[in-house]
2 protein chains.
Amino acid sequence: MSKRTEKTIVDIAEELQLSVSTVSRALNDHPNISARTKERVKKVAKKIGYRPNALAAGLRNNKSKTIGLIVPRISMFFPATISTIIQNKLQEFGYNLIICQSNDSYDQEVALANTLYSARVDGLVVSTTLYTTDFSHFDIFRNNNIPLVFFDRVPKDYNVKVIKGDDYRGGYVATTHLVEKGCKDIVHISGPLTCCLYSDRVAGYKAALQEHGLTSKKNRIFYQELTRENAWQTCEKIFGHQPYPDGIFASNDTTAITIVEYCRKMNLRVPEDVKIVGYSNDPRTEIVTPPISSIDQYPAMMGERVVAVLMELINGRQSAEPRYSQEIIPIQLIERQSSAGKSKTGKKKLTLS
Amino acid sequence: MSKRTEKTIVDIAEELQLSVSTVSRALNDHPNISARTKERVKKVAKKIGYRPNALAAGLRNNKSKTIGLIVPRISMFFPATISTIIQNKLQEFGYNLIICQSNDSYDQEVALANTLYSARVDGLVVSTTLYTTDFSHFDIFRNNNIPLVFFDRVPKDYNVKVIKGDDYRGGYVATTHLVEKGCKDIVHISGPLTCCLYSDRVAGYKAALQEHGLTSKKNRIFYQELTRENAWQTCEKIFGHQPYPDGIFASNDTTAITIVEYCRKMNLRVPEDVKIVGYSNDPRTEIVTPPISSIDQYPAMMGERVVAVLMELINGRQSAEPRYSQEIIPIQLIERQSSAGKSKTGKKKLTLS
DNA sequence: TAAATTAATGCAAACGTTTGCAATAATCCA
DNA sequence: TGGATTATTGCAAACGTTTGCATTAATTTA
């Protein structure tokens with residue numbers, strides 16, 4: 001163990017024949033310290049290469065200037081984008097972000113919540129696992145009044161700050177769009193119902209069908225983890241026998257993209273034979289052929305709201321704030337070729353070779 | 001400020017009429033403590049909801065069980081994938097990861113290095129900015145023997161542990177591939193030369209050309225930040241006048257994808273009129289039409305190596321280790337339709353409507 | 001059974017800050 | 001000029017752990 005000769009404020013104090021308290025205050029620009037002293041202190045600090053020890057300060061102040069973030073995966077478009085925003089926004093406020101991935105495992109999520117608590121984060125931001133239905137591992141945060149904000153995949157029946165997309169509306173808008181483009185038999189591929197965001201979208205889907213005089217049939221909704229592999233298998237089920245649907249609303253874009261690929265392989269024409277709408281407006285929907293219609297969730301806005309709420313909670317009069325509130329971020333349908341009607345781009349020929 | 005009644009080991013000690021030291025040792029499974037005592041301590045700890053304070057422990061031990069990571073952006077495929085691996089691997093070793101993005105800004109990188117030092121991370125992993133040529137902001141880490149590992153975008157002439165892709169070979173293989181498929185006039189779109197990984201690829205490109213009796217012309221290489229917008233503009237330059245190239249080697253996949261889109265719009269056939277190879281094997285290359293050949297960089301392997309080296313450094317006999325070493329992760333060309341020869345899939349018809 | 005050995009526990013300092021309060025120095029006002 | 005005010009600085013405790021060393025308790029051995 002090589003001796004790590006960390007310079008401390010004590011060293012500065014000695015060099016200048018001052019007390020540590022004045023040095024501390026000088027470095028923090030405390031008003032009681034004379035300009036001259038501040039200058040001298042800072043100069044010496046720089047000279048000897050002093051670096052504040054955030055651990056010590058954190059221990060003393062009972063705050064770490066650090067925020068924890070738990071997401072299922074940072075490699076998926078939506079959480080990745082939000083994490084980026086959160087991290088950059090937080091940086092502006094002088095906060096560090098500890099990003100952790102639960103890998104959609106409940107046990108990992110619990111473990112992470114505990115470590116982050118031990119790290120004494122000043123706040124926690126969470127988008128839960130697909131299967132988290134018990135939220136008691138977040139109780140420590142709630143009970144100790146540590147700011148706690150959930151986004152996107154948020155708890156049901158757990159009193160906390162929540163920022164979510166308008167999933168009901170998303171399901172409704174996507175489905176209505178398909179109906180208006182002429183679809184009569186619309187399949188919905190959903191995520192597991194344990195996750196409220198999917199159940200909301202299903203509800204929207206059903207409402208839209210009903211409103212337009214179509215019936216929603218049980219065997220036209222599929223519940224699954226929305227992976228590439230599952231999407232492919234479900235396609236095989238769907239198109240394994242007649243009648244084929246003329247519209248598919250997929251609850252994420254990975255699924256929508258896979259469906260398009262499947263259709264291409266099977267010589268099913270998109271959008272002529274079957275129209276497709278995805279969810280999240282992943283940039284990939286734009287580069288695939290044909291480009292896929294999708295529901296944009298305004299991730300930037302969501303990320304900014306998360307940070308805003310968090311900062312309010314941290315700086316604010318906590319007593320005044322209700323510990324529970326729900327904020328809904330709007331969605332928007334982005335129409336692309338995969339759900340176009342005949343009259344428009346449907347006829348366009350796109351040929352290779 | 002609501003009184004946050006944190007339970008400490010002192011509380012446990014009092015409840016059991018023990019000293020704090022025994023409690024501490026009991027919780028850490030120190031061999032000197034009797035099994036009975038350990039049991040009692042842990043039971044009470046659980047009962048009163050004790051949570052260790054990592055800040056205090058960190059201060060005392062001079063270690064935070066935390067690793068810092070600085071990358072340009074976590075929303076780009078390659079760094080995102082590696083970050084995921086690193087974070088998951090590190091979790092296994094009981095380390096937290098503070099992920100920070102420099103947004104490709106040198107100033108932010110400097111600032112982040114400083115904050116992470118202040119946070120007393122036990123190690124730092126970095127993939128630098130495109131424009132970082134001065135690395136002195138990492139000196140604090142080097143001088144204090146804090147494990148420091150660079151990957152992918154690594155420093156030139158700065159003695160540290162480095163894990164990089166085989167960029168020279170990547171450039172060489174990509175170019176050779178195009179030549180072998182019959183290309184005679186190959187454009188290369190590169191990132192800025194300040195980043196050694198791009199200069200290596202350029203070198204590989206030139207070597208391949210030369211070896212096959214082709215000359216590399218200055219006006220056939222473009223240096224730019226590899227964004228969508230720049231790619232489009234460069235396409236306009238390239239195809240603004242004859243002669244058109246018959247092959248393009250792009251140093252990232254965003255650029256390659258944009259070229260494909262440009263070609264489609266301009267009715268240039270890929271791969272018949274122009275063949276394209278990208279870099280990184282971003283999953284997007286697979287879903288675009290036609291799918292794009294690319295150089296796979298084995299991000300998972302790179303991530304694992306990063307953590308392995310880091311752990312060696314942390315646990316290891318530092319004195320024995322050379323503080324400098326370079327490890328090269330292999331690359332592999334993934335052939336897809338965008339660079340296929342005539343004989344193969346080139347004739348395949350892909351029609352919509 | 002007493003001495004010697006081993007096992008278990010306790011004391012107190014240390015880690016590097018911050019901060020309430022006390023103390024001193026500088027300035028002001030009449 | 002001296003008392004009052006204000007501007008600076010210092011003292012010492014506190015934050016919650018860990019750990020070397022000393023101490024006490026339990027066990028073994030002769």
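These figures come from a predicted structure and were not determined experimentally. Throughout, protein chains are lettered first and strands after them, A, B, ... in sequence-line order, and every chain is numbered starting at 1.
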Only one of [options] clears side-chain contact (heavy atoms from CB on, under 4.5 Å) with [X]; which?
X: B/Val23; options: B/Thr37, B/Thr8, B/Ile9; result: B/Ile9
X: B/Val306; options: B/Ile163, B/Ile85, B/Ile329; result: B/Ile163
X: A/Asn96; options: A/Leu90, A/Thr66, A/Asp122, A/Ile67; result: A/Thr66

**Q.** Pair B/Glu92 + B/Lys89, salt bridge at N-O below 4.0 Å
**A.**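 Yes, this pair counts.
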
Q: Scan B/Leu18 against the nucleic acid and name what it touches under 4.0 Å (heavy atoms): base, sugar-phosphate only, or nothing.
A: sugar-phosphate

Q: Using a heavy-atom cut-off of under 4.0 Å over every strand shown, decide if A/Arg51 touches base, sugar-phosphate, or nothing.
A: sugar-phosphate

Any side-chain N or O of [X] under 4.0 Å from OP1/OP2 of [N]?
X: B/Asn61; N: D/dT19; value: yes
X: B/Asn28; N: D/dT18; value: yes
X: B/Thr22; N: C/dG10; value: yes
X: B/Ser19; N: C/dC11; value: no
X: A/Thr8; N: C/dG16; value: no
X: A/Ser21; N: C/dT18; value: no
X: B/Ser34; N: C/dT9; value: yes

Please report the distance, rounded to the nearest Å, between [atom1] in [X] and [atom2] in [N].
X: A/Asp11; N: C/dG16; atom1: CG; atom2: C1'; result: 11 Å
X: B/Ile12; N: C/dG10; atom1: CD1; atom2: P; result: 14 Å
X: B/Ile33; N: D/dA25; atom1: CD1; atom2: P; result: 16 Å
X: B/Lys38; N: C/dA7; atom1: NZ; atom2: C1'; result: 12 Å
X: B/Leu27; N: D/dT18; atom1: CG; atom2: P; result: 8 Å
X: A/Arg25; N: C/dT19; atom1: CZ; atom2: C1'; result: 6 Å
X: A/Arg120; N: D/dG16; atom1: CZ; atom2: P; result: 8 Å
X: A/His30; N: C/dC21; atom1: NE2; atom2: P; result: 13 Å

Of the options [options], whose atoms approach the side-chain atoms of [X] most closely?
X: A/Asn32; options: D/dT9, C/dT17, D/dC15; result: D/dT9
X: A/Ala56; options: C/dC11, D/dT17, C/dG16; result: C/dG16
X: B/Leu59; options: C/dT18, C/dG16, C/dG10; result: C/dG16

Q.
Between B/Asp134 and B/Ser136, do the side chains contain a donor N or O and an acceptor N or O under 3.5 Å apart?
A.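 A pair is found: one side chain offers a donor N or O, the other an acceptor, under 3.5 Å apart.
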
Q | Presence of donor-acceptor pair under 3.5 Å, side chain of B/Arg60 and base of D/dG20 | A |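 Answer no: no donor N or O sits under 3.5 Å from an acceptor.
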
Q | NZ (A/Lys43) with more than 12 external heavy atoms under 6.0 Å | A | no

